Amino acid sequence: MPLEQLSSNKSFGGTQVRVKHFSTSTICEMTFSVFLPEQLATGADVKLPVVYFLSGLTCTDENFVQKAGAQRIASELGVILVAPDTSPRGEGVPDDPESAYDLGLGAGFYVDATQEPWAKHYNMYSYVVDELPELVARNFPIDINKQSIMGHSMGGHGALTIALKNTDKYHSVSAFAPICSPMNCPWGTKALKNYLGDDQSAWAAYDAVQLVRSATRPIPMLVDQGADDEFLKEQLKPQLLVEACSSAGMPLGYNQREGYDHSYFFIASYIENHLRFHHGILSMLP
């Protein structure tokens, strides 16, 4: 389906654009944002590496774009950034009847739902893994062979699980304060039960700790976690991921940042580290 441009803004020599389209995965209109770095402003016929950013609960594609301060370093490195929305939206798309922030709109959890009333629209896994990259490749000058993915909180969960299940598509993955094991926290168990049903074997396909334990191919991983994050102990549980990676021999760089919380102040403080991590790996590819 064609893209409709919603906005375009100059930023650090590059261009930040926002578009919408009708999605065949979520059966509704979806928006996503793309940052095109300065190298493309010259009109040069080049294709650049791409890094996808998945946002957390209650967010849209705009939170990262407006708060993370990623455009400067992305323009310097020559990396295209793509930020999708966190869930389907619009008339007819179901939401939690109690208007809970952790289920329904803004809380797609990057799964393909199998349960009613969610199954028709809540297919964010297929949207991010299949439909979005194909759409981006048709409309923007990305190098489809040089892709990485990162995210925050629920989006960190999404980035880790998507990368671990698709090591042929993504060359590195990073996360800020990810939900490391949704099978073992209140946010995750609520979402997975509603979207996937009671069978916990289905949940394991969307749990980074479980996927690390069964992984057959390593992927470079970077995780930053604020030590003062209010969700650290009950919801995020990074120690489970650290232990699983250590046991499985999965390459994980883990940093606990003293004094930092769960906010975009934390992300903005370390986004340069993450983009340089991805660029360092992508730039070594042929």
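Bear in mind that the values here come from a model prediction, so they are computed numbers and not experimental data.
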Colleague: When the ring centroid of Y195 is compared with that of Y122, is the distance short of 6.0 Å?
Modeller: yes
Colleague: Supply the atom-to-atom distance E134 CD to R138 CZ, rounded to the nearest 0.5 angstrom.
Modeller: 6.5 Å
Colleague: Working to the nearest 0.5 Å, report the span between NZ of K20 and SG of C28.
Modeller: 11.5 Å
Colleague: Taking C-beta and beyond as the side chain, do H278 and M150 meet within less than 4.5 Å on heavy atoms?
Modeller: yes
Colleague: Mind running side chain to side chain donor-acceptor pair (under 3.5 Å) on H171 and S148 for me, showing each step along the way?
Modeller: CA-CA 5 Å; H171 295 279; S148 293; over 6 Å; no
Colleague: Side chain to side chain donor-acceptor pair (under 3.5 Å) for D61 and T31? Distances and angles first, verdict last.
Modeller: CA-CA 7 Å; D61 56 295; T31 60; 3.0 Å; yes
Colleague: Would you please say whether a donor-acceptor pair under 3.5 Å links the side chains of S181 and D207?
Modeller: yes
Colleague: Between G106 and R89, what is the shortest heavy-atom contact and its length?
Modeller: CA-NH2, 3.7 Å
Colleague: Can a donor-acceptor pair be found between the side chains of D112 and S126 at a distance below 3.5 Å?
Modeller: yes
Colleague: Is any side-chain heavy atom of V17 less than 4.5 Å from a side-chain heavy atom of S7?
Modeller: no
Colleague: Given V223, which partner from the list L236, L241, N255 fulfils the side chain to side chain contact (heavy atoms under 4.5 Å, CB included) test?
Modeller: L241
Colleague: Applying salt bridge (Lys or Arg N to Asp or Glu O under 4.0 Å) to D130 and K169, what does each step give before you reach the verdict?
Modeller: CA-CA 10 Å; D130 297 319; K169 292 186 177 184; 2.9 Å; yes
Colleague: Out of curiosity, R213 CZ to S247 OG, how far, rounded to the nearest 0.5 Å?
Modeller: 8.0 Å
Colleague: Answer with yes or no after comparing the ring centroid distance for Y110 and Y125 against a 6.0 Å cut-off, counting only values under it.
Modeller: no
Colleague: Taking the six-membered ring for Trp, are F176 and F266 parallel (under 30°), tilted (30 to 60°) or perpendicular (over 60°)?
Modeller: perpendicular
Colleague: Ignoring hydrogens and geometry beyond distance, is a side-chain donor-acceptor pair present between Q16 and S11 at under 3.5 Å?
Modeller: no
Colleague: If we check side chain to side chain contact (heavy atoms under 4.5 Å, CB included) with L81, which of these qualifies: V65, V34, V50, L275?
Modeller: L275
Colleague: D229 and side-chain hydrogen bond (donor to acceptor under 3.5 Å, both in side chains): which partner among Q235, Q256, H262?
Modeller: H262
Colleague: Does the gap between the ring centers of H152 and F64 come in under 6.0 Å?
Modeller: no
Colleague: Could you tell me if R257 sits above the aromatic ring of Y270, with its cationic atom closer than 6.0 Å to the ring centre and no more than 45 degrees from the axis?
Modeller: yes
Colleague: Of V209, L54, V173, which meets side chain to side chain contact (heavy atoms under 4.5 Å, CB included) against L160?
Modeller: V173
Colleague: Evaluate the side chain to side chain donor-acceptor pair (under 3.5 Å) criterion for residues D199 and S201: first the C-alpha distance (whole Å), next the side-chain angles of each, then the deciding distance (0.1 Å), finally the verdict.
Modeller: CA-CA 5 Å; D199 182 2; S201 65; 2.6 Å; yes
Colleague: Shared ILVMFWY cluster between M154 and L196, side chains joined below 4.5 angstrom?
Modeller: yes
Colleague: Do Q115 and N194 touch side chain to side chain, with heavy atoms closer than 4.5 Å?
Modeller: no
Colleague: Any heavy-atom pair between the side chains of Q239 and K233 that's under 4.5 Å?
Modeller: no
Colleague: So do L48 and D143 actually touch side chain to side chain, heavy atoms under 4.5 Å?
Modeller: no
Colleague: Are the aromatic ring centres of W187 and F109 under 6.0 angstrom apart?
Modeller: no
Colleague: Between the main-chain N or O of V242 and the side-chain N or O of S246, is there a donor-acceptor pair closer than 3.5 Å?
Modeller: no
Colleague: Heavy-atom count around F265 CZ within 6.0 Å, excluding the residue itself: above 12?
Modeller: no
Colleague: Salt bridge (Lys or Arg N to Asp or Glu O under 4.0 Å) for E243 and K237? Distances and angles first, verdict last.
Modeller: CA-CA 11 Å; E243 292 166 1; K237 303 189 176 182; over 6 Å; no
Colleague: Side chains of T167 and T216: does their closest heavy-atom pair fall under 4.5 Å?
Modeller: no
Colleague: Are any non-hydrogen side-chain atoms of V19 and L6 less than 4.5 angstrom apart?
Modeller: no
Colleague: Does any non-hydrogen side-chain atom of E131 lie less than 4.5 Å from one of T26?
Modeller: no
Colleague: I'd like to know if R72 pairs up with E38 as an ion pair, taking the criterion as any Lys NZ or Arg NE/NH1/NH2 lying under 4.0 Å from an Asp or Glu carboxylate oxygen.
Modeller: no
Colleague: Report yes or no: is the cationic atom of K165 (NZ for Lys, CZ for Arg) under 6.0 Å from the centre of the six-membered ring of Y170, at an angle within 45° of the ring normal?
Modeller: no
